[in-house]
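Structure record follows, encoded as structure tokens.
Keep in mind that this is a model prediction, so the values were computed, not measured. When reading the values below, keep in mind they use all heavy atoms of this one structure, side chains included, and skip hydrogens, waters and symmetry mates.
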Amino acid sequence: MKRNERHRVAGFRFLHKYCFPSNSMKRLLLIASLSVFALAVNASDKTPKGEWIILVGGPSLKQWEQYKAQPHDHWWANFVRAARLRTDQLREGLGPDAPITWLVYKQGYLDRQPQENQDLIGLIETVRDKFNLNLVWFKNGDDVINYLNAGRDRKSQKVAGFEFFGHSNKACFMFDYSSNVDSSAKSFLHESQLRQIHGSIFARNAYIQSWGCHTGEEMSEWWYRATGTKMIGALGKTQFMMEELPILTSPGGKWVTAPEKLPKTN
């Protein structure tokens, strides 16, 4: 078997993680708890009309992660795969022509390409073609804000949904976590920048969710104060999976729309 093929098979067998579960029983319970959210979108009179935006961060690099006890991003497509699964749900519910845009942190995948010996940009573009997406490459948080506010005519086409797949902490989406700098980021969207997002761009009952770690602990409240819309975020850690959307993995973890204190653990 060729080296690239061995890496690909190993990646598909591995539960590609960027946050880790405490044990299998807690993982099963947390998967069950996720079912309380309406993750699939059904076309109806109550479905918000407008553009659905999927924000995709980049993976870490082996040079920073390989010697850690719990290294991140064994598989380059952690976030791309999760975004693809969600897009499949959206296409099923909204139809083949509903406007869906992927905002993808391009530099992260350019930096990861030599490690993979694959054309990662080309692979992402195949997802664009399969799902009839508007693919927009971005460099930083300002690019994300600019697209939200003015990527389309927001008077005629509101933002119906906005979801983030990537590394995060309680105050920040980190697009290049452990890529340029070990365990840190130079490209990000910080909670202090959220006030630049115009609340008027969102459709009524717009669906907003961050699938990264910890954003329900603080960033969800900043988002609401800045935009007037509620963002679902994780209380605790999340783990990106192969054939399902990210799951909660911290003891007592749950999805929230405002910050809550983590429960005490023994």
Going hydrophobic residue to hydrophobic residue with side-chain gaps under 4.5 angstrom, can you get from [X] over to [Y]?
X: Val56; Y: Leu85; answer: yes
X: Leu120; Y: Met242; answer: yes
X: Ile197; Y: Val136; answer: yes

Distance-minimising heavy-atom pair for [X] and [Y]:
X: Ala203; Y: Pro48; answer: CB-CB, 4.1 Å
X: Leu248; Y: Ala234; answer: CD2-CB, 3.9 Å
X: Gly50; Y: Pro99; answer: O-CG, 3.5 Å

Between [Y] and [X], is there a side-chain heavy-atom distance shorter than 4.5 Å?
X: Arg195; Y: Trp222; answer: yes
X: Ile121; Y: Trp137; answer: yes
X: Ile208; Y: Thr257; answer: no
X: Asn134; Y: Arg152; answer: yes
X: Trp255; Y: Thr238; answer: yes
X: Thr101; Y: Tyr147; answer: yes
X: Gln107; Y: Lys139; answer: no
X: Leu194; Y: Met219; answer: yes

Is there a donor-acceptor pair under 3.5 Å between the side chain of [X] and the backbone N or O of [Y]?
X: Ser210; Y: Gly233; result: no
X: Ser220; Y: Met231; result: yes
X: Asn132; Y: Pro96; result: yes
X: Arg91; Y: Phe131; result: yes
X: Gln115; Y: Arg112; result: no
X: Lys158; Y: Ser200; result: yes
X: Asn146; Y: Asp142; result: yes

* Asked: Salt bridge or not for Glu221 and Lys170, using N-O below 4.0 Å?
  ->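 Salt bridge flag = no for Lys170 with Glu221.
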* Check whether more than 12 heavy atoms from other residues, nucleotides or ligands sit under 6.0 Å from atom NZ of Lys230, and answer yes or no. =>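 Open: at most 12 neighbouring heavy atoms sit under 6.0 Å from NZ of Lys230.
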[atom2] on [Y] to [atom1] on [X], rounded to 0.5 Å:
X: Leu235; Y: Cys213; atom1: CG; atom2: SG; result: 11.5 Å
X: Leu110; Y: Asp119; atom1: CG; atom2: CG; result: 9.0 Å
X: Ser187; Y: Lys106; atom1: OG; atom2: NZ; result: 14.5 Å
X: Gln239; Y: Asn78; atom1: CD; atom2: CG; result: 9.5 Å
X: Gln196; Y: Thr227; atom1: CD; atom2: OG1; result: 13.5 Å
X: Cys172; Y: His167; atom1: SG; atom2: NE2; result: 12.5 Å

* Asked: Given Leu90 and Ile54, is the side chain to side chain contact (heavy atoms under 4.5 Å, CB included) satisfied, shown in steps?
  -> CA-CA 11 Å; Leu90 293 172; Ile54 305 293; 4.1 Å; yes
* Angle class for the Trp211/Phe165 ring planes (parallel below 30°, perpendicular above 60°, tilted otherwise)? ->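 Geometry flag for Phe165 against Trp211: parallel rings.
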* Mind telling me whether Phe138 and Tyr105 have parallel, tilted or perpendicular rings, with 30° and 60° as the class edges? =>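 Rings of Tyr105 and Phe138: tilted, 30 to 60°.
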* Using the side chain to side chain contact (heavy atoms under 4.5 Å, CB included) rule, pick out the option among Asp143, Leu55, Ile201 that qualifies with Leu148. =>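 Output: one option passes, namely Ile201.
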* Asked: Would Arg154 and His198 satisfy side chain to side chain contact (heavy atoms under 4.5 Å, CB included), going step by step from the backbone distance to the final call?
  -> CA-CA 10 Å; Arg154 295 302 175 206; His198 302 157; over 6 Å; no
Checking [Y] against [X]: is there a side-chain donor and acceptor pair closer than 3.5 Å?
X: Tyr109; Y: Glu116; result: no
X: Glu163; Y: Trp52; result: yes
X: His214; Y: Glu217; result: yes

* What residue among Trp102, Phe173, Phe188 forms ring-ring contact (aromatic ring centres under 6.0 Å, His included) with Phe164? ->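 The passing option is Phe173.
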* **Test side chain to side chain contact (heavy atoms under 4.5 Å, CB included) applied to Gln89 and Leu245, step by step** => CA-CA 10 Å; Gln89 287 185 342; Leu245 291 172; 3.8 Å; yes
